[in-house]
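Source: prediction; values computed, not measured. Both counts, for ligands and for their atoms, begin at 1 and track the order of listing. Positions are given from 1 along the sequence.
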Amino acid sequence: MTEPFSTAKLIAAKEIVVALRHADHQAYFAGGCVRDLLLGVEPKDFDVATSATPNVVMVMFPKTFSVGAHFGVVLVCTPDRDGSEIATEVATFRHDGAYSDGRRPDAVRFSTDPREDVLRRDFTINGMLLDPMVFEETGDAAAATLDFVNGRNDLNAKILRAIGDPELRFNEDKLRTLRGVRFAARLGLEIEPLTMNAIRAAASEIGQVSSERIRDELTLMLTEGHARRAFELLDETGLLAQVLPEAVRMHGVEQPPQYHPEGDVWVHTMLLLEKLKPGVASTLAWGALLHDIGKPATFRPPDPKKPGDRIRFDGHVEVGVRMTEEILRRLRFSNEDTEQIIALVKNHMRFGDILQMRESTLKRFLRLPRFDEHLALHWMDASSAHGDLRLYEFARERYEETPVETTSPRLLVTGKDLIAAGYRPGPRFKAMLDAAEDAQLEGRATTTDQGMEIVKQRFGVPSA
Ligand code: ATP
Ligand code: MG
């Protein structure tokens, strides 16, 4: 068997299948990994589906965790050759009962019928099983696949289709609407018309899914490649209007053609999303999505009384920062991610001033946490508009040639020095320390004495 990817996870899952079969249970690879093996791409994980009940699975393997006892999912940990551990999800075949909360079944019934198990899965491309032994013998994923839902045909024809009655399936679990969009974008699939209609019909109820899950799905869409297509599909299905109505408002917001020949704010933002590579930092991806979110609210057409006036978005950064704060709070982002995404939105226009910045201002700019993300956002922003990369090149060169010791040097003047010189701690301290640091960053002060001298000149000698 020849795989184009690392095989440790595959071997771990296969050994679990072998052990289950030795004990007379049925066991297969299931879901996303089968789809990916058929496509010849590396699966993120190899999930196992079995007729053995969770209790049996927990007894059979020495190290297990019940991760979804209610749904019969057990995490089986097996040692890798290098001593690390591989965790494989083993799920008992099951039939899901009624759904009343729009997200999870009220109860599940375990089953010994693999066909029943695939019928509860979301999409035909995700509803296939694979016999790893046949795969090992033949090296042919197609020959090893058990396909009760016609998933192979759909995968070959590049069609995303819900298993069973689409309306029913999206009604059961509204998260499937977002998953459908995500898989269609990631794998370049057309959404089959009945599936599409059902997603549209269920879109208004996406609020039944927790904000965290919505956030995680959107983040995956932004970071798996194909973010543009994902957001266009979110828009077409009506999901975007539910989860991020602020983004829908970017449509039709005209921009001055001399800076933005590409078109309106929506088109510009889509061009940025198109540039997000798989595996991109999620903060950068959200920054790209939200950097101009303040534009629709601040749009001002040219003043007809002022010849040569252009469209303006005065204050769009400040408004954008406030909107971003609100959106990230709503989607329950961590404080750390929120801080970085807001910093990206807040600073994105500052590249325009970079040639005029005082040395100290430039150094403070270059030392923003994860400046590489600011740089990448500016590159995307400029390449998705006028295409002039001179400011980007300038910033990149300065960033690369300026070591951290230069942008964040050991401070010559600290609060202690001010106190020692006789200044009383108070609100002026920050301005004093900033003045000393500016002088240091600009090379006007290279010793503590010189730094203190500058403070004294600016703020007066301490009163006795
Ligand atoms: P990825 O490569 O992104 O992990 P995946 O297909 O493996 O994609 P998972 O979220 O890991 O997706 O889920 C594994 C499998 O479980 C899916 O392939 C699908 O068969 C099933 N599944 C997951 N979530 C749902 C859901 N909400 N409704 C129905 N079936 C689901
Ligand atoms: Mg998976």
Residue, atom name and distance, where the atom is the protein heavy atom closest to [atom]:
atom	result
atom 30 (N) of ligand 1	Asp122 N, 3.2 Å
atom 6 (O) of ligand 1	Arg35 NH1, 2.8 Å
atom 12 (O) of ligand 1	Arg179 NH2, 3.3 Å
atom 4 (O) of ligand 1	Lys44 CD, 4.0 Å
atom 27 (N) of ligand 1	Asp173 OD2, 2.8 Å
atom 20 (O) of ligand 1	Asn126 O, 2.8 Å
atom 28 (N) of ligand 1	Arg176 NE, 2.7 Å

Give the atoms of ligand 1, by number and element, whose distance to some non-hydrogen atom of [X] is under 4.0 Å.
X	answer
Asp47	14 (C)
Gly32	5 (P), 6 (O), 7 (O), 18 (O)
Arg186	1 (P), 2 (O), 3 (O)
Arg182	3 (O)

Go through the structure and list residues passing side-chain contact (heavy atoms from CB on, under 4.5 Å) with Gln242, not counting sequence neighbours.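 Listed in chain order: Ser204, Ile206.
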
According to side-chain contact (heavy atoms from CB on, under 4.5 Å), who are the partners of Val248, at least two apart in sequence or on a separate chain?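 Testing Val248 for side-chain contact (heavy atoms from CB on, under 4.5 Å), a comparison that skips the adjacent residues, returns Asp235, Leu240, Ala241, His251.
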
May I ask you to check whether His291 and His268 place their ring centers less than 6.0 Å from one another?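 When the ring centroids of His291 and His268 are compared, they turn out to be within the sub-6.0 Å range.
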
Taking the six-membered ring for Trp and the full ring for Phe, Tyr or His, determine whether the centres of Phe365 and Phe351 are under 6.0 Å apart.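 Yes.
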
Distance-only N or O hit between ligand 1 and Arg169, under 3.5 Å: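 Looking only at distances, the answer is no, because the N/O contact criterion of under 3.5 Å is not met.
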
Are any of the N/O atoms on Glu224, whether in the backbone or the side chain, positioned under 3.5 angstrom from an N/O atom of ligand 1?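 For ligand 1, there is no N or O atom that lies under 3.5 Å from one belonging to Glu224.
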
Assess whether a salt bridge exists between Arg322 and Glu326, defined as any Lys/Arg side-chain N lying under 4.0 Å from an Asp/Glu carboxylate O.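 No salt bridge links Arg322 with Glu326.
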
Pair Arg228 + Glu232, salt bridge at N-O below 4.0 Å: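 Salt bridge present between Arg228 and Glu232.
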
Are Arg169 and Glu172 close enough, and set up right, to give a salt bridge (Lys or Arg N to Asp or Glu O under 4.0 Å), and what steps lead you there? CA-CA 5 Å; Arg169 303 313 310 285; Glu172 287 174 348; 2.9 Å; yes

Heavy atoms only: which of Glu217, Arg121, Met128 is nearest to atom 15 (C) of ligand 1?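 Looking at heavy atoms only, the winner is Arg121.
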
Do Arg367 side-chain atoms and Thr406 backbone N/O form a donor-acceptor pair below 3.5 Å?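 Here the side-chain-to-backbone pair does not exist.
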
Taking atom types as modelled and ignoring hydrogens, do the side chains of Thr145 and Asp147 form a donor-acceptor contact shorter than 3.5 angstrom?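 No, no side-chain donor-acceptor pair sits under 3.5 Å.
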
If you apply the rule side-chain contact (heavy atoms from CB on, under 4.5 Å), what do you find for Leu38 with Met128, and how did you get there? CA-CA 10 Å; Leu38 286 165; Met128 292 176 275; 3.7 Å; yes

Tell me which part of Phe183 gets within contact of ligand 1: side chain, backbone, both or neither, using heavy atoms under 4.0 Å.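 The side chain, only.
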
